[in-house]
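Every number for a ligand or one of its atoms is a count from 1 in the order of the listing. Fair warning: this is a prediction, and the values are worked out from it, not measured in the lab.
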Amino acid sequence: MAQYEKRVFSGVQPTGNLHLGNYLGAIKRFADLQSSYECIYCIVDMHAVTARWTDPTELRTHVREVAAAYIATGINPKEHVIFVQSQVAEHAELAWVFNCVARMGWLNRMTQFKDKAGKNSENVSVGLFDYPVLMAADILLYRAHYVPVGEVQKQHMELTRDIAQKFNIDWADSIAAHGFGEAYFPIPEALIQGEATRVMSLRDGAKKMSKSDLSDYSRINLTDSVDAIRQKIRKAKTDPEPLPLDHKGFAGRPEAENLVSIFAALTQTSVDDVLKEYGGTQFSAFKAALADAAVEHLAPINAEMRRLLADPAYIDDVLQNGAEKAKVIAAETMRAVRDIVGFRN
Ligand code: TRP
């Protein structure tokens, strides 16, 4: 692993029903980064329990599902690291130090917490409020330089940078005295994904595609069969107008915008280019092209995921191996942090 100069870290929650939104918003880019960076991809089960506790057997199944998705999309676990957050205790340990670095005011500004907690903010877990601090610990534990994430994680990335910066400043003297130079933590950068980082429901263009939507027709799951993918796209909500000629024509047409964005993301083009080709055509023709693109892209992933999930022992082996590699780096960081802040090693 030593041939890479810079490190990438990212994480996906094991919440079950991995869908196109999770894929286009995050996982799709992960494999591409492998040739240039040392990549560490985490399955963040400690984040998954911030909203509610899941049945333990189910949680482990969901963890394997994310691992299978990582491998099926081409991440090479021999060369890089795929591991589960809860297997490396240093995540929680560094999060505690960061709890005492981050300020209440910073966390009070987090819009995702406000969205998730809603009117229920007095009754959600402390973990849900503290979620971004744990995320900062995930990233900085590996002193990662780049973090591929969807648009919605931008604010959490800013918080991570603020925590790294404040730690470096508050402990500057001790950092220097312990031989770490001017700063201990690198300031990580978000790599925001391109088109369709926010994939919307196929039944309602105003709602995010979500694993908890009651209608399975609202989402394309990564484990959906070819027939299911085609049928869901055929039945996706649209309006009677033909596709607009440019993106201004999406005003008041969220379903049209969503399908075009998905197509652009799947075919690695821009929304404008898609409209150059399909502007003015009927949805029936466009949906046929979209279904072809989705099947071409997802069918191989889908087949590989099913194959992997049939062999949980293999997946568990990959995860065990990954945890061992992750622990080496995590332990090194925590040893330094303990020295810097005055805890005992
Ligand atoms: N918050 C991220 C999400 O829900 C998941 C996550 C946790 C993460 N820790 C991370 C992403 C560290 C990137 C880096 O999508």
Participant: Starting from atom 9 (N) of ligand 1, locate the nearest protein heavy atom and write down its residue, its atom name and how far away it is, to 0.1 Å.
Facilitator: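 Nearest neighbour among protein heavy atoms for atom 9 (N) of ligand 1, to 0.1 Å: D138 OD2, 2.7 Å.
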
Participant: Measure from atom 10 (C) of ligand 1 to every heavy atom in Q85, M157, M135 and give the option owning the shortest one.
Facilitator: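 Nearest heavy atom to atom 10 (C) of ligand 1 lies in M135.
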
Participant: If you apply the rule salt bridge (Lys or Arg N to Asp or Glu O under 4.0 Å), what do you find for R29 with D32, and how did you get there?
Facilitator: CA-CA 5 Å; R29 269 285 275 303; D32 297 341; 5.3 Å; no

Participant: Is it true that K207 and D213 make a salt bridge, defined as a side-chain N closer than 4.0 Å to a carboxylate O?
Facilitator: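 The answer is yes: the pair qualifies as a salt bridge.
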
Participant: Can you tell which of N22, L20, T15 makes a side chain to side chain contact (heavy atoms under 4.5 Å, CB included) with L18?
Facilitator: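 When N22, L20, T15 are each tested with L18, the side chain to side chain contact (heavy atoms under 4.5 Å, CB included) holds only for N22.
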
Participant: So which bit of V12 gets within less than 4.0 Å of ligand 1, heavy atoms only: side chain, backbone, both or neither?
Facilitator: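 Near ligand 1, V12 shows nothing, with every heavy atom at 4.0 Å or more.
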
Participant: Is ligand 1 under 4.0 Å from a heavy atom in the side chain of H156, in the backbone, in both, or in neither?
Facilitator: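 It is neither part, as no heavy atom is under 4.0 Å.
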
Participant: Tell me the contacting part of I139 for ligand 1: side chain, backbone, both, or neither, using a 4.0 Å heavy-atom threshold, strictly below.
Facilitator: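 Looking at I139 and ligand 1, just side chain atoms fall under 4.0 Å.
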
Participant: Would Q153 count as being in polar contact with ligand 1, using the rule that some N or O on each side must be under 3.5 angstrom apart?
Facilitator: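 Yes, there is a polar N/O contact under 3.5 Å.
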
Participant: Whether the side chain of T281 engages the backbone of Y278 through a donor-acceptor N/O pair (distance < 3.5 Å, no angle test) should be reported.
Facilitator: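 At least one qualifying donor-acceptor pair exists.
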
Participant: Can you pull out the closest protein heavy atom to atom 4 (O) of ligand 1? Residue, atom name and distance to 0.1 Å, please.
Facilitator: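 Checking every protein heavy atom, the shortest distance to atom 4 (O) of ligand 1 gives Y131 OH, 2.8 Å.
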
Participant: Distance under 4.0 Å to a non-hydrogen atom of V147: what atoms of ligand 1 satisfy this?
Facilitator: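 With V147 as reference, the close atoms of ligand 1 come out as 13 (C), 14 (C).
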
Participant: Could you verify whether a donor N or O on one side chain and an acceptor N or O on the other, from E90 and T333, lie under 3.5 Å apart?
Facilitator: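 There is no such pair (donor and acceptor under 3.5 Å, judged by atom type) between the side chains of E90 and T333.
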
